[in-house]
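No experiment lies behind these values; they were computed from the predicted model shown. Just so we're on the same page: letters track the sequence lines, and every chain starts at 1.
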Amino acid sequence: MTSPILEVRDLVKRYPGVTAVDGLTFQVPPGMCFGLLGPNGAGKTTTMEIMEGILPPTAGAVFYRGKPLGERFRAEAGILFQATALQHFLTVRQSLALFRGLYTRGRDVEELLHACSLEALAGRDNRKLSGGQRQRLLLAIALVNDPTVLFLDEPTTGLDPQARRNFWELIGAIKDQGKTIILTTHYMDEAQMLCEQIAIVDHGRIIAQGSPGALLREHFAAVLLELPQAEFPPAARSLPLQLLETRERIEITTDDLDGTLRLLLAAGVPLTNLRMRPPNLEDLFLELTGHELRA
Amino acid sequence: MMRRLLAVWHARNLEFIRDRGSLLFTLVLPLSIIVGVAVIFGGPPRPLFTVGVLGGPTALVHNAFAHTRYVQFVPIANLQDGLHAVRHERIALLFAAGTPPHFWVNAHSPKGYIVERLLRAADPRAVRLAVSGRQIRYVDWLFPGILALNMMFSCLFGVGYVVLRYRQSGFLKRLHATPLTAFEFLGAQVLSRLTIILLISTVLYAAVGAIIHFHAAGNLALLLLVALLGALAMIALGLTVSARLASEELVNGLLNVLTWPMVMLSGVWFSLAGAPRWLRWMADALPLTQLLRAARAVMLYGAGIGAIAPQLVYLAVVTLVFLAIGAYSFKWRI
């Protein structure tokens with residue numbers, strides 16, 4: 001088996017009155033996109049910042065290539081924080097040049113401008129970029145040292161769908177270069193699209209870990225039916241079905257579609273607005289934690 | 001309309017009251033300035049003129065001039081020091097007892113002219129010996145102070161606020177994720193501000209000097225060394241204030257607490273020669289006082305490096321101490 005490039009062992013981070021990370025242990029093989037998923041406040045960013053070496057853990061440790069984080073890690077890691085401010089009055093090119101100057105080895109600034117589709121913006125003040133353009137600049141900065149391992153903390157939060165898709169394409173290109181990516185997100189489609197492995201974190205603990213496909217197969221042997229709450233009569237709630245109620249809909253998980261539909265019709269449930277779909281990671285999270293990912 | 005106006009009025013008042021920096025600035029600062037000025041200028045009327053007496057005040061004991069009110073008589077050890085003081089208007093007149101008594105006065109000095117008239121009224125026998133010396137106008141005396149003040153504000157606020165802004169915005173946190181060390185970051189801040197302030201001061205010196213027809217009496221390279229050490233001390237002070245704080249109000253308050261005593265007590269606007277001894281000691285401890293004393297000595301009196309060595313050493317020590325404190329207590333993140 002390939003040695004992990006990153007290893008997290010029994011990680012704990014406590015703040016007064018709060019345990020943000022509660023004994024996390026996992027390994028990340030090289031060349032993989034590893035997703036840390038969870039709702040706001042689950043401990044994803046705290047875990048990331050400890051892994052990035054900028055926040056000391058209360059207990060436990062992180063290892064890079066089998067050794068505690070050190071100078072080599074700093075030189076070979078690229079980081080995109082959830083929110084990063086840049087130095088004022090610098091253009092896109094100058095911002096990149098500033099960070100390029102902090103590393104002894106790395107990529108050429110012009111090459112990065114091209115790779116992150118920033119050529120047309122190279123002379124623009126970094127404060128005058130749109131959300132998507134700014135995230136592309138921050139990604140370029142994270143790549144400035146040609147990192148072996150890249151940390152992306154909620155990289156597409158706040159971006160419009162078009163900008164998110166553009167960003168995913170850039171991440172896809174980085175994955176093709178064989179780089180290891182650690183990604184936190186609360187967008188399940190993003191995780192499903194980019195990650196080979198995910199760990200779902202809640203209250204500072206991993207509650208499920210594996211590939212998205214394997215986790216879905218493990219937890220959902222069947223299809224998912226969705227019905228509007230308003231059209232679901234109270235009497236039908238006592239049917240022998242696996243039900244999950246959210247604010248606006250009722251979800252039924254079943255591996256016997258014919259039997260379930262017969263039961264619903266017999267109970268007088270109108271099926272006009274019935275929707276059927278395969279389960280996704282959002283459903284998995286609901287299944288595991290009972291609350292929504294963005295709660 | 002009134003309801004909306006009152007809602008905004010109330011919220012703004014709360015904002016102001018809870019902003020400790022503004023409150024400090026608005027309440028404590030004017031109070032401190034008034035108290036400070038009262039202490040400095042309070043008490044009995046001060047002498048208007050200073051007269052040097054060769055051989056000490058006993059030499060004047062039998063002369064009617066000694067009873068002139070509002071004239072301060074100070075002992076002068078030797079003629080050379082006395083003439084130097086007259087030439088540079090540190091004393092209005094130098095008196096030597098004898099038969100008849102002699103006195104030396106700067107022919108260009110307005111104070112010298114008035115004190116000479118007072119002396120002649122008291123003792124018509126006194127023999128005048130003129131000393132030629134460049135007149136030091138108030139603007140000449142003020143010029144080094146203005147340059148030093150500009151340097152102080154630029155270094156303290158320019159460094160203190162910028163580092164605070166970097167920390168508040170998370171830019172420092174981003175830098176921390178790179179191989180950049182705290183020493184390298186702080187070193188870059190020091191060098192950047194030093195370069196900028198020396199360039200600005202040089203331009204100001206040349207421009208203002210040309211406008212007011214000022215020519216330094218001393219060596220310009222030595223003056224540059226004084227400016228360099230003074231700027232370093234101020235930058236180090238600014239870095240120390242902002243080394244780990246994340247509150248804008250607190251940093252603002254601290255910087256004001258540091259700058260205003262220097263503005264008032266460092267001798268930029270007036271001399272503290274007549275102030276109480278404890279106040280003069282306090283003023284001596286301020287880096288701006290030492291910077292200004294050295295700059296005036298070089299610019300106005302042509303002092304050499306030996307004469308200003310104590311000031312240079314003091315500024316260097318202040319720089320090292322504050323840089324060490326700043327580097328030790330530096331925090332990358334909130």
Side-chain angles (χ1 to χ4, degrees), chain A residues 15 45-46 48-56 62 64 69-90 95-106 126-127 134-135 137-147 149-154 182, chain B residues 153-197 199-200 235 238-239 242-249 251-252 255 326-334:
Chain A
Y15 295 104
T45 297
T46 305
M48 276 286 255
E49 292 193 347
I50 296 171
M51 290 174 77
E52 289 159 355
I54 59 164
L55 192 65
V62 179
Y64 174 67
L69 303 182
E71 273 184 35
R72 183 179 179 188
F73 171 77
R74 271 181 198 271
E76 294 181 359
I79 295 173
L80 193 160
F81 287 126
Q82 207 175 103
T84 298
L86 293 169
Q87 196 155 336
H88 291 178
F89 299 104
L90 293 189
S95 302
L96 269 173
L98 162 67
F99 280 89
R100 178 65 189 87
L102 303 180
Y103 296 91
T104 46
R105 56 174 278 276
N126 65 38
R127 293 168 299 173
R134 186 178 164 76
Q135 282 306 89
L137 170 58
L138 292 175
L139 178 65
I141 287 173
L143 294 171
V144 83
N145 56 330
D146 196 14
V149 56
L150 182 64
F151 293 88
L152 304 173
D153 192 0
E154 298 189 10
I182 317 292
Chain B
F153 279 117
S154 172
C155 293
L156 279 177
F157 284 88
V159 173
Y161 260 127
V162 167
V163 173
L164 171 75
R165 178 163 56 79
Y166 285 172
R167 185 177 296 110
Q168 278 183 329
S169 68
F171 180 57
L172 277 189
K173 181 178 151 188
R174 182 63 188 85
L175 290 178
H176 185 36
T178 72
L180 185 74
T181 63
F183 177 79
E184 288 163 345
F185 172 76
L186 292 174
Q189 297 306 310
V190 170
L191 289 177
S192 165
R193 183 52 54 166
L194 193 62
T195 311
I196 290 166
I197 196 62
L199 278 174
I200 288 175
I235 293 168
L239 279 178
S242 61
R244 58 188 304 117
L245 298 177
S247 156
E248 197 171 321
E249 290 85 358
V251 168
N252 184 36
L255 288 175
Y328 179 74
S329 56
F330 183 72
K331 261 176 76 175
W332 289 99
R333 51 186 297 160
I334 296 172

Determine whether A:L55 and B:R333 satisfy the following criterion, side-chain contact (heavy atoms from CB on, under 4.5 Å), listing intermediate values before the conclusion.
CA-CA 10 Å; A:L55 192 65; B:R333 51 186 297 160; 3.9 Å; yes
Proximity breakdown for A:I141 and chain B, heavy-atom pairs closer than 4.5 Å
both
Write down the atom of A:Y103, the atom of B:P179, and the distance for their closest heavy-atom approach.
CE2-CD, 3.2 Å
Keeping A:R74 on the side-chain end and B:L180 on the backbone end, is there a donor-acceptor pair under 3.5 Å?
no
Okay, A:F99 and chain B: the region with an atom under 4.5 Å from a heavy atom over there is side chain
State, yes or no, whether a side-chain contact exists between A:Q87 and B:R165 at a heavy-atom distance under 4.5 Å.
no
What I'd like to find out is whether the side chain of B:L175 reaches to under 4.5 Å of the side chain of A:L102, using heavy atoms alone.
yes
Nearest heavy atoms of B:F171 and A:A85, plus distance in Å
CD1-O, 3.3 Å
